Amino acid sequence: MRSQFWGLYVREILRTFRNPFVILITVVQPFMWLAFFGSSFSGVPAATLSGLFHTNDYIAFLLPGVLSTSMLSVGMFGSMSTIQDKRFGFMKRILITPTSKELIFLSKAFGSATRGLVQIPVMVAAALAFGVTFSLSPLEWAAWIVGLLCLALGFSSLFLAVTAPSTDWQTPGVVSNFITMPLMFASASLFPSQQFPPWMQAIASVNPVSFSALLGRGFVLGTGTDWWDLAYLVLFAALMTAIGYFVSARWLKVE
Amino acid sequence: MTTPVAIEVRNLSKRYGNGGGRSVLALDHVNLSIPKASIFGLLGPNGAGKTTLIKVLTGISDITEGDARVAGFDVRTQSMQERARIGWVAAEVILDDDFSVWENLWLQAKLQSLTDWEERAAQLLRYFSLAEVRDEKTNHLSTGMRKKLEIALALLHQPSVIFMDEPTIGLDVGTRRMLWEIVTGVRKEFGVTILLTTHYIEEADILCDHVAIIDEGRIIAEGTPSELKGRVHADIVQLETSDGLDPAAIRAIPGVQEVRPQGNEWLIRVGSSEEFLPRLFAAIPTERIRRISVEKPSLETVFLDLTGKRIGAEEPMGDIRKFYAQIRRARG
(Lines give C-alpha, C1' and ligand atoms only; values in the text may rest on other atoms or scores of the structure.)
Protein backbone atom coordinates (compact mmCIF):
# COMPACT_ATOMS: atom_id res chain seq x y z
CA MET A 1 0.00 0.00 0.00
CA ARG A 2 2.85 2.37 0.87
CA SER A 3 4.58 1.47 -2.37
CA GLN A 4 1.50 2.27 -4.47
CA PHE A 5 0.82 5.53 -2.63
CA TRP A 6 4.45 6.59 -3.04
CA GLY A 7 4.49 5.74 -6.76
CA LEU A 8 1.33 7.70 -7.50
CA TYR A 9 2.28 10.59 -5.20
CA VAL A 10 5.69 10.98 -6.84
CA ARG A 11 4.00 10.79 -10.23
CA GLU A 12 1.71 13.68 -9.29
CA ILE A 13 4.61 15.79 -8.10
CA LEU A 14 6.91 15.04 -11.04
CA ARG A 15 4.19 15.59 -13.62
CA THR A 16 3.50 18.98 -12.14
CA PHE A 17 7.04 20.20 -11.80
CA ARG A 18 8.32 18.88 -15.09
CA ASN A 19 6.08 21.37 -16.81
CA PRO A 20 8.06 24.63 -17.16
CA PHE A 21 4.87 26.71 -17.43
CA VAL A 22 3.60 25.35 -14.12
CA ILE A 23 6.89 26.29 -12.45
CA LEU A 24 6.85 29.74 -14.04
CA ILE A 25 3.28 30.46 -12.96
CA THR A 26 3.86 29.03 -9.48
CA VAL A 27 6.75 31.43 -9.01
CA VAL A 28 5.32 34.49 -10.73
CA GLN A 29 1.74 34.37 -9.45
CA PRO A 30 2.47 35.12 -5.75
CA PHE A 31 4.72 38.00 -6.74
CA MET A 32 1.90 39.38 -8.86
CA TRP A 33 -0.55 39.11 -5.98
CA LEU A 34 1.74 40.98 -3.63
CA ALA A 35 2.89 43.48 -6.24
CA PHE A 36 -0.55 44.41 -7.61
CA PHE A 37 -2.91 43.80 -4.71
CA GLY A 38 -0.37 44.68 -2.01
CA SER A 39 0.59 47.91 -3.69
CA SER A 40 -3.01 49.06 -4.02
CA PHE A 41 -2.84 50.45 -0.46
CA SER A 42 0.65 51.94 -0.83
CA GLY A 43 -0.72 55.49 -0.99
CA VAL A 44 -2.97 55.10 2.05
CA PRO A 45 -1.73 56.95 5.17
CA ALA A 46 -0.25 54.69 7.87
CA ALA A 47 -2.88 55.73 10.42
CA THR A 48 -5.71 54.68 8.07
CA LEU A 49 -3.99 51.36 7.42
CA SER A 50 -3.58 50.75 11.14
CA GLY A 51 -7.22 51.56 11.69
CA LEU A 52 -8.36 49.15 9.03
CA PHE A 53 -5.88 46.31 9.28
CA HIS A 54 -4.34 46.72 12.75
CA THR A 55 -0.95 47.05 11.03
CA ASN A 56 0.62 49.63 8.78
CA ASP A 57 2.16 46.92 6.59
CA TYR A 58 -0.61 45.73 4.27
CA ILE A 59 1.70 43.27 2.49
CA ALA A 60 2.39 41.52 5.83
CA PHE A 61 -1.37 41.49 6.42
CA LEU A 62 -2.02 40.17 2.92
CA LEU A 63 0.63 37.41 2.76
CA PRO A 64 -1.15 34.77 4.90
CA GLY A 65 -4.42 35.57 3.16
CA VAL A 66 -2.99 35.22 -0.34
CA LEU A 67 -1.34 31.93 0.59
CA SER A 68 -4.62 30.69 2.01
CA THR A 69 -6.56 31.60 -1.13
CA SER A 70 -3.85 29.90 -3.23
CA MET A 71 -4.61 26.66 -1.38
CA LEU A 72 -8.18 26.97 -2.61
CA SER A 73 -7.15 26.51 -6.20
CA VAL A 74 -4.61 23.69 -5.75
CA GLY A 75 -7.41 21.17 -5.46
CA MET A 76 -8.48 21.98 -8.98
CA PHE A 77 -5.22 20.58 -10.35
CA GLY A 78 -5.71 17.28 -8.52
CA SER A 79 -9.18 17.04 -10.06
CA MET A 80 -7.88 17.89 -13.53
CA SER A 81 -5.18 15.26 -13.22
CA THR A 82 -7.85 12.70 -12.25
CA ILE A 83 -10.04 13.60 -15.21
CA GLN A 84 -7.01 13.42 -17.51
CA ASP A 85 -6.11 9.97 -16.19
CA LYS A 86 -9.63 8.78 -16.89
CA ARG A 87 -9.78 10.23 -20.38
CA PHE A 88 -6.41 8.85 -21.47
CA GLY A 89 -7.06 5.42 -19.93
CA PHE A 90 -4.34 5.72 -17.29
CA MET A 91 -6.89 5.20 -14.53
CA LYS A 92 -7.56 1.74 -15.99
CA ARG A 93 -3.83 1.03 -16.08
CA ILE A 94 -3.62 1.91 -12.38
CA LEU A 95 -6.68 -0.08 -11.40
CA ILE A 96 -5.58 -3.23 -13.22
CA THR A 97 -2.94 -3.49 -10.50
CA PRO A 98 -3.53 -4.16 -6.80
CA THR A 99 -4.14 -0.45 -6.21
CA SER A 100 -7.40 0.65 -4.61
CA LYS A 101 -9.48 3.67 -5.58
CA GLU A 102 -8.96 5.05 -2.07
CA LEU A 103 -5.19 5.05 -2.56
CA ILE A 104 -5.55 6.85 -5.86
CA PHE A 105 -7.61 9.49 -4.06
CA LEU A 106 -5.08 9.86 -1.24
CA SER A 107 -2.11 10.16 -3.58
CA LYS A 108 -3.87 12.83 -5.64
CA ALA A 109 -5.07 14.76 -2.60
CA PHE A 110 -1.63 14.78 -0.95
CA GLY A 111 0.02 15.45 -4.32
CA SER A 112 -2.13 18.55 -4.83
CA ALA A 113 -1.56 19.70 -1.26
CA THR A 114 2.20 19.32 -1.68
CA ARG A 115 2.05 21.27 -4.88
CA GLY A 116 0.29 24.05 -2.95
CA LEU A 117 2.96 24.06 -0.27
CA VAL A 118 5.63 24.87 -2.84
CA GLN A 119 4.10 28.33 -3.00
CA ILE A 120 5.09 29.02 0.63
CA PRO A 121 8.85 29.53 0.10
CA VAL A 122 8.14 31.54 -3.06
CA MET A 123 5.66 33.79 -1.25
CA VAL A 124 7.89 34.18 1.77
CA ALA A 125 10.77 35.17 -0.52
CA ALA A 126 8.49 37.65 -2.29
CA ALA A 127 7.34 39.09 1.05
CA LEU A 128 10.96 39.40 2.23
CA ALA A 129 11.67 41.28 -1.00
CA PHE A 130 8.80 43.65 -0.10
CA GLY A 131 10.33 44.22 3.36
CA VAL A 132 8.21 41.90 5.51
CA THR A 133 10.04 40.40 8.52
CA PHE A 134 9.27 37.02 10.12
CA SER A 135 9.52 35.49 13.58
CA LEU A 136 12.14 32.77 13.91
CA SER A 137 10.01 30.58 16.19
CA PRO A 138 10.10 27.07 14.66
CA LEU A 139 6.87 26.13 16.43
CA GLU A 140 4.97 29.04 14.91
CA TRP A 141 6.48 28.39 11.47
CA ALA A 142 5.42 24.75 11.78
CA ALA A 143 1.90 25.68 12.90
CA TRP A 144 1.47 28.04 9.94
CA ILE A 145 2.74 25.50 7.42
CA VAL A 146 0.68 22.66 8.91
CA GLY A 147 -2.37 24.93 8.80
CA LEU A 148 -1.80 25.65 5.12
CA LEU A 149 -1.22 21.95 4.43
CA CYS A 150 -4.52 21.12 6.14
CA LEU A 151 -6.33 23.78 4.12
CA ALA A 152 -4.82 22.51 0.84
CA LEU A 153 -5.57 18.89 1.74
CA GLY A 154 -9.14 19.75 2.71
CA PHE A 155 -9.89 21.58 -0.52
CA SER A 156 -8.07 19.01 -2.67
CA SER A 157 -10.20 16.30 -1.07
CA LEU A 158 -13.36 18.33 -1.62
CA PHE A 159 -12.55 18.89 -5.31
CA LEU A 160 -11.64 15.25 -5.83
CA ALA A 161 -14.86 14.12 -4.16
CA VAL A 162 -16.86 16.35 -6.50
CA THR A 163 -15.05 15.22 -9.65
CA ALA A 164 -14.56 11.51 -8.80
CA PRO A 165 -17.76 10.39 -10.52
CA SER A 166 -17.17 12.66 -13.54
CA THR A 167 -15.19 12.39 -16.74
CA ASP A 168 -16.04 15.87 -18.00
CA TRP A 169 -12.86 17.95 -18.30
CA GLN A 170 -14.86 21.13 -17.67
CA THR A 171 -16.10 20.05 -14.25
CA PRO A 172 -12.96 20.94 -12.23
CA GLY A 173 -12.86 24.46 -13.66
CA VAL A 174 -16.56 25.11 -13.12
CA VAL A 175 -16.50 23.71 -9.58
CA SER A 176 -13.35 25.66 -8.83
CA ASN A 177 -14.89 28.95 -9.90
CA PHE A 178 -18.06 28.19 -8.02
CA ILE A 179 -16.23 27.41 -4.79
CA THR A 180 -13.24 29.74 -4.99
CA MET A 181 -14.91 33.12 -5.46
CA PRO A 182 -17.32 33.09 -2.51
CA LEU A 183 -14.82 31.39 -0.19
CA MET A 184 -12.09 33.88 -1.08
CA PHE A 185 -14.15 37.02 -0.63
CA ALA A 186 -16.25 35.79 2.30
CA SER A 187 -13.12 35.23 4.35
CA ALA A 188 -10.62 37.23 6.35
CA SER A 189 -7.94 36.54 3.74
CA LEU A 190 -7.87 39.94 2.01
CA PHE A 191 -9.74 42.23 4.40
CA PRO A 192 -10.67 42.04 8.09
CA SER A 193 -14.05 40.33 8.40
CA GLN A 194 -15.18 42.86 11.01
CA GLN A 195 -15.96 45.25 8.11
CA PHE A 196 -18.27 42.69 6.41
CA PRO A 197 -22.09 42.75 6.51
CA PRO A 198 -23.50 40.25 9.06
CA TRP A 199 -24.33 37.52 6.49
CA MET A 200 -20.78 37.61 5.12
CA GLN A 201 -19.39 37.64 8.65
CA ALA A 202 -21.42 34.46 9.32
CA ILE A 203 -19.80 32.74 6.32
CA ALA A 204 -16.34 34.05 7.20
CA SER A 205 -16.70 32.77 10.76
CA VAL A 206 -16.89 29.14 9.54
CA ASN A 207 -14.83 29.51 6.37
CA PRO A 208 -11.58 27.53 6.72
CA VAL A 209 -9.83 30.11 4.53
CA SER A 210 -10.43 32.66 7.31
CA PHE A 211 -8.97 30.32 9.92
CA SER A 212 -5.87 29.77 7.84
CA ALA A 213 -5.47 33.50 7.13
CA LEU A 214 -5.88 34.36 10.82
CA LEU A 215 -3.47 31.60 11.88
CA GLY A 216 -0.81 32.93 9.51
CA ARG A 217 -1.52 36.55 10.34
CA GLY A 218 -0.95 35.93 14.02
CA PHE A 219 2.47 34.54 13.13
CA VAL A 220 3.48 37.10 10.47
CA LEU A 221 2.23 40.17 12.36
CA GLY A 222 3.66 38.84 15.62
CA THR A 223 0.35 38.92 17.53
CA GLY A 224 0.69 35.22 18.44
CA THR A 225 -0.56 31.93 17.05
CA ASP A 226 -4.13 30.97 17.91
CA TRP A 227 -3.99 27.17 18.27
CA TRP A 228 -7.75 26.87 17.92
CA ASP A 229 -7.38 28.11 14.33
CA LEU A 230 -4.98 25.24 13.70
CA ALA A 231 -7.29 22.74 15.40
CA TYR A 232 -10.18 23.91 13.18
CA LEU A 233 -8.05 23.43 10.06
CA VAL A 234 -6.96 19.95 11.17
CA LEU A 235 -10.61 19.06 11.70
CA PHE A 236 -11.56 20.48 8.29
CA ALA A 237 -8.81 18.47 6.57
CA ALA A 238 -9.77 15.28 8.41
CA LEU A 239 -13.46 15.67 7.55
CA MET A 240 -12.88 16.46 3.87
CA THR A 241 -10.32 13.65 3.52
CA ALA A 242 -12.80 11.21 5.05
CA ILE A 243 -15.53 12.38 2.65
CA GLY A 244 -13.19 12.21 -0.37
CA TYR A 245 -12.00 8.75 0.69
CA PHE A 246 -15.53 7.43 0.99
CA VAL A 247 -16.78 9.03 -2.24
CA SER A 248 -13.75 7.81 -4.24
CA ALA A 249 -14.05 4.27 -2.91
CA ARG A 250 -17.67 4.15 -3.97
CA TRP A 251 -18.03 6.39 -7.00
CA LEU A 252 -14.63 6.98 -8.60
CA LYS A 253 -15.30 6.33 -12.28
CA VAL A 254 -12.62 4.46 -14.17
CA GLU A 255 -13.39 6.07 -17.52
CA MET B 1 -5.50 -35.80 -17.23
CA THR B 2 -7.30 -32.42 -17.25
CA THR B 3 -5.55 -29.36 -18.68
CA PRO B 4 -4.78 -26.70 -16.06
CA VAL B 5 -7.08 -23.74 -16.54
CA ALA B 6 -6.01 -20.09 -16.34
CA ILE B 7 -9.40 -18.47 -16.87
CA GLU B 8 -12.74 -20.05 -16.03
CA VAL B 9 -15.95 -18.21 -16.85
CA ARG B 10 -19.36 -19.62 -15.95
CA ASN B 11 -22.69 -18.13 -17.07
CA LEU B 12 -21.23 -14.66 -16.99
CA SER B 13 -23.56 -11.81 -17.84
CA LYS B 14 -22.96 -8.10 -17.81
CA ARG B 15 -25.75 -5.59 -18.10
CA TYR B 16 -25.15 -1.87 -18.42
CA GLY B 17 -27.93 0.31 -17.08
CA ASN B 18 -30.53 -0.44 -14.47
CA GLY B 19 -32.30 -3.29 -16.19
CA GLY B 20 -35.02 -1.02 -17.56
CA GLY B 21 -35.70 -0.04 -21.15
CA ARG B 22 -32.32 1.65 -21.68
CA SER B 23 -30.20 -1.16 -20.30
CA VAL B 24 -27.90 -3.15 -22.56
CA LEU B 25 -26.99 -6.78 -22.09
CA ALA B 26 -23.33 -6.63 -23.15
CA LEU B 27 -22.50 -10.21 -22.13
CA ASP B 28 -25.09 -12.94 -22.19
CA HIS B 29 -24.29 -16.09 -20.16
CA VAL B 30 -20.74 -16.48 -21.41
CA ASN B 31 -18.91 -19.71 -20.66
CA LEU B 32 -15.17 -20.07 -21.29
CA SER B 33 -12.40 -22.29 -20.11
CA ILE B 34 -8.97 -21.07 -21.15
CA PRO B 35 -6.02 -23.44 -20.73
CA LYS B 36 -2.82 -22.24 -19.07
CA ALA B 37 -0.02 -20.96 -21.31
CA SER B 38 -2.29 -20.73 -24.33
CA ILE B 39 -3.07 -17.82 -26.61
CA PHE B 40 -6.83 -17.56 -26.62
CA GLY B 41 -8.51 -15.29 -29.14
CA LEU B 42 -11.84 -13.63 -28.70
CA LEU B 43 -12.97 -12.79 -32.20
CA GLY B 44 -15.94 -10.61 -33.00
CA PRO B 45 -17.11 -7.40 -34.59
CA ASN B 46 -17.07 -4.02 -32.85
CA GLY B 47 -19.62 -3.94 -30.05
CA ALA B 48 -19.76 -7.75 -29.74
CA GLY B 49 -18.74 -7.68 -26.05
CA LYS B 50 -15.00 -8.40 -26.30
CA THR B 51 -13.81 -5.35 -24.36
CA THR B 52 -16.62 -5.74 -21.84
CA LEU B 53 -15.45 -9.28 -21.11
CA ILE B 54 -11.91 -8.00 -20.49
CA LYS B 55 -13.24 -5.22 -18.26
CA VAL B 56 -15.19 -7.72 -16.23
CA LEU B 57 -12.33 -10.21 -15.97
CA THR B 58 -9.87 -7.52 -14.90
CA GLY B 59 -12.25 -6.19 -12.25
CA ILE B 60 -12.80 -2.83 -13.97
CA SER B 61 -16.50 -3.58 -14.38
CA ASP B 62 -18.77 -5.45 -12.01
CA ILE B 63 -20.29 -8.81 -12.87
CA THR B 64 -24.07 -8.74 -13.18
CA GLU B 65 -24.49 -12.50 -13.01
CA GLY B 66 -22.33 -15.61 -13.07
CA ASP B 67 -18.80 -16.39 -11.92
CA ALA B 68 -15.28 -15.92 -13.16
CA ARG B 69 -11.91 -17.08 -11.90
CA VAL B 70 -8.65 -15.73 -13.27
CA ALA B 71 -5.24 -17.12 -12.29
CA GLY B 72 -6.97 -19.13 -9.58
CA PHE B 73 -8.71 -16.13 -7.98
CA ASP B 74 -12.38 -15.27 -7.88
CA VAL B 75 -12.78 -12.01 -9.81
CA ARG B 76 -15.52 -10.80 -7.49
CA THR B 77 -14.14 -11.65 -4.07
CA GLN B 78 -10.37 -11.84 -4.60
CA SER B 79 -9.95 -8.90 -6.93
CA MET B 80 -6.72 -7.55 -5.39
CA GLN B 81 -4.99 -10.95 -5.45
CA GLU B 82 -6.13 -11.41 -9.03
CA ARG B 83 -4.78 -8.03 -10.13
CA ALA B 84 -1.37 -8.95 -8.78
CA ARG B 85 -1.34 -11.90 -11.17
CA ILE B 86 -2.58 -10.26 -14.37
CA GLY B 87 -1.17 -7.88 -16.95
CA TRP B 88 -2.99 -5.67 -19.42
CA VAL B 89 -2.20 -4.32 -22.87
CA ALA B 90 -4.68 -1.76 -24.11
CA ALA B 91 -5.94 -1.13 -27.63
CA GLU B 92 -4.50 2.37 -27.53
CA VAL B 93 -1.02 2.73 -26.03
CA ILE B 94 -1.38 4.01 -22.47
CA LEU B 95 1.87 5.24 -20.97
CA ASP B 96 2.81 8.18 -18.81
CA ASP B 97 4.39 10.44 -21.39
CA ASP B 98 5.81 12.76 -18.72
CA PHE B 99 7.97 9.81 -17.66
CA SER B 100 10.90 8.04 -19.29
CA VAL B 101 10.81 4.37 -20.28
CA TRP B 102 12.58 3.43 -17.03
CA GLU B 103 10.31 5.66 -14.93
CA ASN B 104 7.24 3.99 -16.44
CA LEU B 105 8.68 0.66 -15.34
CA TRP B 106 9.44 2.14 -11.91
CA LEU B 107 5.82 3.29 -11.56
CA GLN B 108 4.50 -0.10 -12.62
CA ALA B 109 6.80 -1.75 -10.04
CA LYS B 110 5.43 0.59 -7.36
CA LEU B 111 1.83 -0.15 -8.36
CA GLN B 112 2.54 -3.87 -8.17
CA SER B 113 4.46 -3.44 -4.86
CA LEU B 114 7.59 -5.03 -6.32
CA THR B 115 10.87 -4.67 -4.48
CA ASP B 116 13.55 -6.36 -6.61
CA TRP B 117 12.31 -5.26 -9.99
CA GLU B 118 15.32 -3.53 -11.57
CA GLU B 119 16.98 -6.67 -12.88
CA ARG B 120 13.73 -7.98 -14.31
CA ALA B 121 13.03 -4.56 -15.88
CA ALA B 122 16.49 -4.44 -17.45
CA GLN B 123 15.99 -7.97 -18.77
CA LEU B 124 12.66 -7.00 -20.33
CA LEU B 125 14.17 -3.90 -21.91
CA ARG B 126 16.87 -6.07 -23.48
CA TYR B 127 14.29 -8.63 -24.64
CA PHE B 128 12.19 -5.95 -26.32
CA SER B 129 15.25 -4.06 -27.68
CA LEU B 130 14.41 -1.00 -25.60
CA ALA B 131 17.57 -0.85 -23.49
CA GLU B 132 19.00 1.93 -25.66
CA VAL B 133 16.03 4.21 -24.98
CA ARG B 134 15.54 3.53 -21.27
CA ASP B 135 16.05 7.19 -20.36
CA GLU B 136 14.01 8.60 -23.25
CA LYS B 137 10.60 10.07 -22.56
CA THR B 138 7.97 7.73 -23.95
CA ASN B 139 6.45 10.33 -26.25
CA HIS B 140 9.74 10.28 -28.18
CA LEU B 141 9.33 6.59 -29.05
CA SER B 142 7.84 5.08 -32.20
CA THR B 143 4.43 3.40 -32.00
CA GLY B 144 6.06 -0.03 -32.19
CA MET B 145 8.43 0.80 -29.32
CA ARG B 146 5.60 2.19 -27.22
CA LYS B 147 3.62 -0.99 -27.79
CA LYS B 148 6.64 -3.08 -26.80
CA LEU B 149 7.03 -1.03 -23.62
CA GLU B 150 3.39 -1.60 -22.81
CA ILE B 151 3.91 -5.34 -23.08
CA ALA B 152 7.06 -5.05 -20.95
CA LEU B 153 4.99 -3.23 -18.29
CA ALA B 154 2.41 -6.01 -18.42
CA LEU B 155 5.14 -8.61 -17.87
CA LEU B 156 7.14 -6.84 -15.16
CA HIS B 157 5.47 -8.53 -12.19
CA GLN B 158 5.59 -11.98 -13.83
CA PRO B 159 1.82 -12.39 -14.27
CA SER B 160 0.07 -15.66 -15.04
CA VAL B 161 -2.39 -14.05 -17.45
CA ILE B 162 -2.12 -11.12 -19.83
CA PHE B 163 -5.19 -9.48 -21.34
CA MET B 164 -4.57 -7.88 -24.71
CA ASP B 165 -7.49 -5.79 -25.88
CA GLU B 166 -7.25 -5.32 -29.65
CA PRO B 167 -3.48 -4.88 -29.33
CA THR B 168 -2.84 -4.28 -33.02
CA ILE B 169 -5.74 -1.99 -33.83
CA GLY B 170 -4.66 1.03 -35.84
CA LEU B 171 -1.14 -0.29 -36.44
CA ASP B 172 0.41 -0.50 -39.88
CA VAL B 173 0.91 -3.95 -41.37
CA GLY B 174 4.64 -4.08 -40.56
CA THR B 175 4.16 -3.15 -36.90
CA ARG B 176 1.24 -5.52 -36.62
CA ARG B 177 3.32 -8.44 -37.87
CA MET B 178 6.16 -7.47 -35.53
CA LEU B 179 3.69 -7.52 -32.67
CA TRP B 180 2.42 -10.96 -33.65
CA GLU B 181 5.96 -12.26 -33.39
CA ILE B 182 6.31 -10.60 -29.99
CA VAL B 183 3.06 -12.10 -28.69
CA THR B 184 4.10 -15.58 -29.81
CA GLY B 185 7.58 -15.06 -28.32
CA VAL B 186 6.18 -13.79 -25.02
CA ARG B 187 4.03 -16.88 -24.57
CA LYS B 188 6.98 -19.13 -25.37
CA GLU B 189 9.56 -17.22 -23.32
CA PHE B 190 7.47 -16.31 -20.26
CA GLY B 191 4.85 -19.08 -20.25
CA VAL B 192 1.92 -16.73 -19.70
CA THR B 193 -1.66 -17.25 -20.77
CA ILE B 194 -2.77 -14.59 -23.21
CA LEU B 195 -6.40 -13.63 -23.76
CA LEU B 196 -6.44 -11.53 -26.87
CA THR B 197 -9.42 -9.78 -28.41
CA THR B 198 -9.41 -8.90 -32.06
CA HIS B 199 -11.62 -8.32 -35.02
CA TYR B 200 -8.81 -9.19 -37.43
CA ILE B 201 -9.49 -12.65 -38.82
CA GLU B 202 -5.89 -13.22 -39.85
CA GLU B 203 -4.63 -12.26 -36.41
CA ALA B 204 -6.87 -14.76 -34.63
CA ASP B 205 -6.02 -17.44 -37.19
CA ILE B 206 -2.24 -17.01 -37.01
CA LEU B 207 -1.76 -16.25 -33.32
CA CYS B 208 -4.32 -18.18 -31.36
CA ASP B 209 -4.37 -21.77 -30.17
CA HIS B 210 -8.06 -21.44 -29.41
CA VAL B 211 -10.62 -18.97 -30.67
CA ALA B 212 -14.05 -18.09 -29.34
CA ILE B 213 -16.34 -16.22 -31.70
CA ILE B 214 -18.48 -13.66 -29.92
CA ASP B 215 -21.45 -11.77 -31.26
CA GLU B 216 -24.03 -9.67 -29.45
CA GLY B 217 -22.59 -10.70 -26.09
CA ARG B 218 -22.82 -14.44 -26.75
CA ILE B 219 -20.11 -16.97 -27.52
CA ILE B 220 -21.42 -18.58 -30.68
CA ALA B 221 -18.54 -20.94 -31.47
CA GLU B 222 -15.30 -22.06 -29.89
CA GLY B 223 -12.40 -24.26 -30.87
CA THR B 224 -9.01 -24.24 -32.53
CA PRO B 225 -8.89 -22.22 -35.76
CA SER B 226 -8.74 -25.51 -37.72
CA GLU B 227 -11.73 -26.94 -35.88
CA LEU B 228 -13.74 -23.79 -36.50
CA LYS B 229 -12.85 -23.68 -40.16
CA GLY B 230 -13.73 -27.36 -40.37
CA ARG B 231 -17.31 -26.42 -39.51
CA VAL B 232 -17.73 -24.90 -42.96
CA HIS B 233 -17.30 -27.87 -45.25
CA ALA B 234 -17.44 -25.78 -48.36
CA ASP B 235 -15.71 -23.23 -50.56
CA ILE B 236 -17.63 -20.29 -51.92
CA VAL B 237 -17.19 -19.55 -55.61
CA GLN B 238 -18.33 -16.18 -56.90
CA LEU B 239 -18.89 -16.21 -60.63
CA GLU B 240 -19.81 -13.41 -63.00
CA THR B 241 -20.77 -14.27 -66.57
CA SER B 242 -21.33 -12.15 -69.68
CA ASP B 243 -24.87 -13.45 -70.12
CA GLY B 244 -27.42 -15.56 -68.32
CA LEU B 245 -26.77 -19.19 -67.53
CA ASP B 246 -29.12 -22.02 -66.84
CA PRO B 247 -28.90 -22.69 -63.08
CA ALA B 248 -29.61 -26.32 -63.71
CA ALA B 249 -26.36 -26.52 -65.71
CA ILE B 250 -24.38 -25.41 -62.69
CA ARG B 251 -26.30 -27.53 -60.23
CA ALA B 252 -25.56 -30.51 -62.42
CA ILE B 253 -21.80 -30.12 -61.90
CA PRO B 254 -20.65 -32.73 -59.35
CA GLY B 255 -19.70 -31.27 -55.94
CA VAL B 256 -22.09 -28.31 -56.07
CA GLN B 257 -24.05 -27.98 -52.83
CA GLU B 258 -26.03 -24.79 -53.38
CA VAL B 259 -26.42 -22.23 -56.16
CA ARG B 260 -27.71 -18.71 -55.81
CA PRO B 261 -28.13 -16.80 -59.07
CA GLN B 262 -28.15 -12.97 -58.93
CA GLY B 263 -28.49 -11.66 -62.47
CA ASN B 264 -25.26 -12.45 -64.21
CA GLU B 265 -23.59 -13.25 -60.88
CA TRP B 266 -23.60 -16.57 -59.10
CA LEU B 267 -22.74 -17.61 -55.59
CA ILE B 268 -21.92 -21.27 -55.63
CA ARG B 269 -21.23 -23.38 -52.55
CA VAL B 270 -19.02 -26.31 -53.44
CA GLY B 271 -17.33 -29.14 -51.56
CA SER B 272 -13.93 -28.43 -53.08
CA SER B 273 -13.15 -25.52 -55.36
CA GLU B 274 -10.08 -27.38 -56.71
CA GLU B 275 -12.30 -30.16 -58.00
CA PHE B 276 -15.15 -27.85 -59.02
CA LEU B 277 -13.28 -25.30 -61.13
CA PRO B 278 -12.03 -27.67 -63.88
CA ARG B 279 -15.55 -29.08 -64.12
CA LEU B 280 -16.99 -25.58 -64.34
CA PHE B 281 -14.58 -24.58 -67.12
CA ALA B 282 -15.53 -27.73 -68.98
CA ALA B 283 -19.23 -26.98 -68.60
CA ILE B 284 -19.17 -23.27 -69.46
CA PRO B 285 -17.24 -21.69 -72.32
CA THR B 286 -14.49 -19.63 -70.70
CA GLU B 287 -15.24 -16.57 -72.88
CA ARG B 288 -18.57 -16.27 -71.04
CA ILE B 289 -16.79 -15.97 -67.67
CA ARG B 290 -16.02 -12.36 -66.80
CA ARG B 291 -14.78 -12.82 -63.25
CA ILE B 292 -14.38 -15.69 -60.83
CA SER B 293 -13.19 -15.76 -57.20
CA VAL B 294 -12.91 -18.43 -54.56
CA GLU B 295 -13.29 -17.99 -50.81
CA LYS B 296 -11.76 -20.85 -48.85
CA PRO B 297 -13.03 -21.74 -45.35
CA SER B 298 -11.75 -19.11 -42.94
CA LEU B 299 -12.78 -17.71 -39.60
CA GLU B 300 -14.53 -15.00 -41.57
CA THR B 301 -16.66 -17.58 -43.40
CA VAL B 302 -17.32 -19.32 -40.08
CA PHE B 303 -18.61 -16.05 -38.64
CA LEU B 304 -20.56 -15.39 -41.80
CA ASP B 305 -22.01 -18.87 -41.66
CA LEU B 306 -23.06 -18.47 -38.04
CA THR B 307 -24.36 -14.93 -38.06
CA GLY B 308 -25.00 -13.99 -41.66
CA LYS B 309 -22.72 -10.97 -41.31
CA ARG B 310 -19.07 -10.17 -41.67
CA ILE B 311 -16.85 -9.35 -38.68
CA GLY B 312 -15.97 -5.96 -40.17
CA ALA B 313 -19.50 -4.76 -39.51
CA GLU B 314 -19.02 -1.40 -41.21
CA GLU B 315 -17.90 -3.09 -44.43
CA PRO B 316 -20.56 -3.60 -47.08
CA MET B 317 -21.99 -7.07 -46.75
CA GLY B 318 -22.91 -7.57 -50.37
CA ASP B 319 -24.31 -10.69 -51.84
CA ILE B 320 -22.26 -13.14 -49.81
CA ARG B 321 -23.91 -11.95 -46.63
CA LYS B 322 -27.36 -12.44 -48.11
CA PHE B 323 -26.32 -15.82 -49.43
CA TYR B 324 -25.10 -16.98 -46.03
CA ALA B 325 -28.12 -15.57 -44.26
CA GLN B 326 -30.28 -17.59 -46.60
CA ILE B 327 -28.29 -20.76 -45.95
CA ARG B 328 -28.54 -20.16 -42.22
CA ARG B 329 -32.27 -19.67 -42.41
CA ALA B 330 -32.61 -22.78 -44.54
CA ARG B 331 -30.76 -24.75 -41.88
CA GLY B 332 -33.18 -23.52 -39.28
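Each chain gets a letter, A, B and so on, in the order the sequences are listed, and its residues count up from 1. This is a predicted model, so every value here is computed, not measured.
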Side chain, backbone, both or neither: which part of I94(B) has an atom under 4.5 Å from a heavy atom of chain A?
both
Non-hydrogen atoms of chain A under 4.5 Å away: do they reach the side chain of A109(B), the backbone, both or neither?
backbone
Decide if atom CE of M181(A) counts as having more than 12 heavy atoms of other residues, nucleotides or ligands within a radius under 6.0 Å.
no
For F99(B), which atoms come within 4.5 Å of any heavy atom of chain A: side chain, backbone, both, or neither?
both
Under 3.5 Å, what donor-acceptor pairs does chain B form with chain A?
| unit_1 | atom_1 | unit_2 | atom_2 | d |
| --- | --- | --- | --- | --- |
| K55(B) | NZ | E255(A) | OE2 | 2.5 |
| R83(B) | NE | L95(A) | O | 3.3 |
| R83(B) | NH1 | L95(A) | O | 2.8 |
| I94(B) | O | R93(A) | NE | 2.8 |
| I94(B) | O | R93(A) | NH2 | 3.2 |
| D96(B) | OD2 | R11(A) | NE | 2.4 |
| D96(B) | OD2 | R11(A) | NH2 | 3.4 |
| D98(B) | O | R18(A) | NH1 | 2.9 |
| D98(B) | OD2 | R15(A) | NE | 3.4 |
| E103(B) | OE1 | R18(A) | NH1 | 2.9 |
| E103(B) | OE2 | R18(A) | NH2 | 2.6 |
| K110(B) | O | S3(A) | OG | 2.7 |
| L111(B) | O | Q4(A) | NE2 | 3.0 |
| S113(B) | OG | Q4(A) | NE2 | 3.4 |
| E150(B) | OE2 | R93(A) | NH2 | 2.8 |

Residue among I60(B), L114(B), L111(B), L153(B) with most heavy-atom pairs under 4.5 Å to chain A
L111(B)
Can you tell which part of F90(A) gets under 4.5 Å to a heavy atom of chain B, answering side chain, backbone, both or neither?
both
Honestly, the part of L8(A) sitting under 4.5 Å from a heavy atom of chain B is both
Is the count of non-hydrogen atoms from other residues, nucleotides or ligands lying under 6.0 Å from F17(A) atom CZ greater than 12?
yes
